[in-house]
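Notes to accompany the following structure.
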Amino acid sequence: MLRGLYDKVVELSKGKHALPVLATVSFAESSFFPVPPDVILVPMALANPEKARLYALVCTVASVLGGILGYAIGALLYDTLGQWLISLYGYGQGVEAFREAYAKWGAWVILIKGLTPIPFKIVTIASGFAGYDFFMFVVLSFITRGARFFLEAELLRIYGEPIRDFIEKRLTLVTTGFLAAIVGGFLIAKYAF
């Protein structure tokens with residue numbers, strides 16, 4: 001099953017729908033979707049290392065645009081949609097602590113959490129809810145998401161062959177590790193506040 005899914009993503013990277021799918025997942029992950037774009041970015045960059053930087057750029061721009069939607073949800077719709085989304089991921093009680101952290105650490109919260117497996121949607125919705133300066137939110141989002149995706153893409157571009165061999169030989173182990181990082185990110189976000 002994992003092999004088939006991996007092969008489909010690699011095949012997708014060769015088609016005309018690769019960039020729109022990558023952009024859609026990146027956009028959605030920053031505002032409401034639980035799956036990070038890395039699950040598509042990594043196989044695509046491994047299949048086409050010469051396009052890794054393009055993929056990173058698409059991830060970055062789409063992620064920031066999705067983050068703007070997340071910010072709007074937090075700023076304008078927190079009492080309805082925002083609170084429901086935050087609660088859906090199990091962070092309902094942590095948002096108030098997150099809001100207080102913004103008063104003291106705003107920029108650092110965005111920069112650090114945007115690089116980690118902690119779901120970026122939590123940062124974007126909470127940023128809007130906390131009333132963090134919108135312009136600074138966008139600038140910091142570009143910095144942190146760009147750093148994450150371009151670093152990932154560059155490593156895959158440079159060291160792609162051994163990484164691809166490792167992933168393909170140990171797909172179950174890699175997938176388990178990736179899922180553990182996602183779950184760990186959710187748990188860190190939930191209990192860090």
* **Distance (rounded to the nearest 0.5 Å) between C59 SG and E152 CD** => 7.5 Å
* To do: Write down the atom of A52, the atom of A153, and the distance for their closest heavy-atom approach.
  => O-CB, 3.3 Å
* Using a strict 4.0 Å threshold on nitrogen-to-oxygen distance, state whether E29 and R145 make a salt bridge. => yes
* Where do I125 and Y71 land on the side chain to side chain contact (heavy atoms under 4.5 Å, CB included) test, with the steps shown first? -> CA-CA 5 Å; I125 294 170; Y71 185 98; over 6 Å; no
* Nearest atoms (heavy-atom pairs only) where P43 meets D38 -> CD-O, 4.0 Å
* Asked: When rounded to the nearest 0.5 angstrom, what is the spacing between CG in L140 and CD1 in I112?
  -> 11.5 Å
* Under 3.5 Å, is there a donor-acceptor pair between the side chain of K121 and the main chain of G70? -> no
* To do: Locate the shortest heavy-atom distance separating A45 from L156; write the atom from each residue and the value.
  => CB-CD1, 3.8 Å
* Structure fact -> In terms of heavy-atom contacts, V21 and I40 come closest through CG1-CD1, 3.9 Å
* Can you list the residues that meet the side-chain hydrogen bond (donor to acceptor under 3.5 Å, both in side chains) rule with T124, with sequence neighbours excluded? -> none
* Asked: Aromatic rings F137 and F120: how do their planes relate, parallel, tilted or perpendicular, breaks at 30° and 60°?
  -> parallel
* Structure fact -> CZ of F149 to OG of S63, rounded to nearest 0.5 Å, is 4.5 Å
* To do: Specify the closest pair of heavy atoms between V58 and A23, including all atoms of both residues, with the distance to one decimal.
  => CG1-CB, 3.7 Å
* **Atom pair OG (S30) and CG (L69), whose distance is rounded to the nearest 0.5 Å** => 9.5 Å
* To do: Could you point out which residue of P36, P37, P20 forms a side-chain contact (heavy atoms from CB on, under 4.5 Å) with V25?
  => P37
* Can you tell me how far the CD atom of E50 sits from the CZ atom of R157, to the nearest 0.5 Å? -> 10.5 Å
* Which pair of heavy atoms, one from L115 and one from R148, lies closest together, and at what distance? -> CD2-N, 3.6 Å
* Y132 vs I110 side-chain heavy atoms within contact, under 4.5 Å -> yes
* How long is the span from the OH atom in Y55 to the CG atom in L19, to the nearest 0.5 Å? -> 6.0 Å
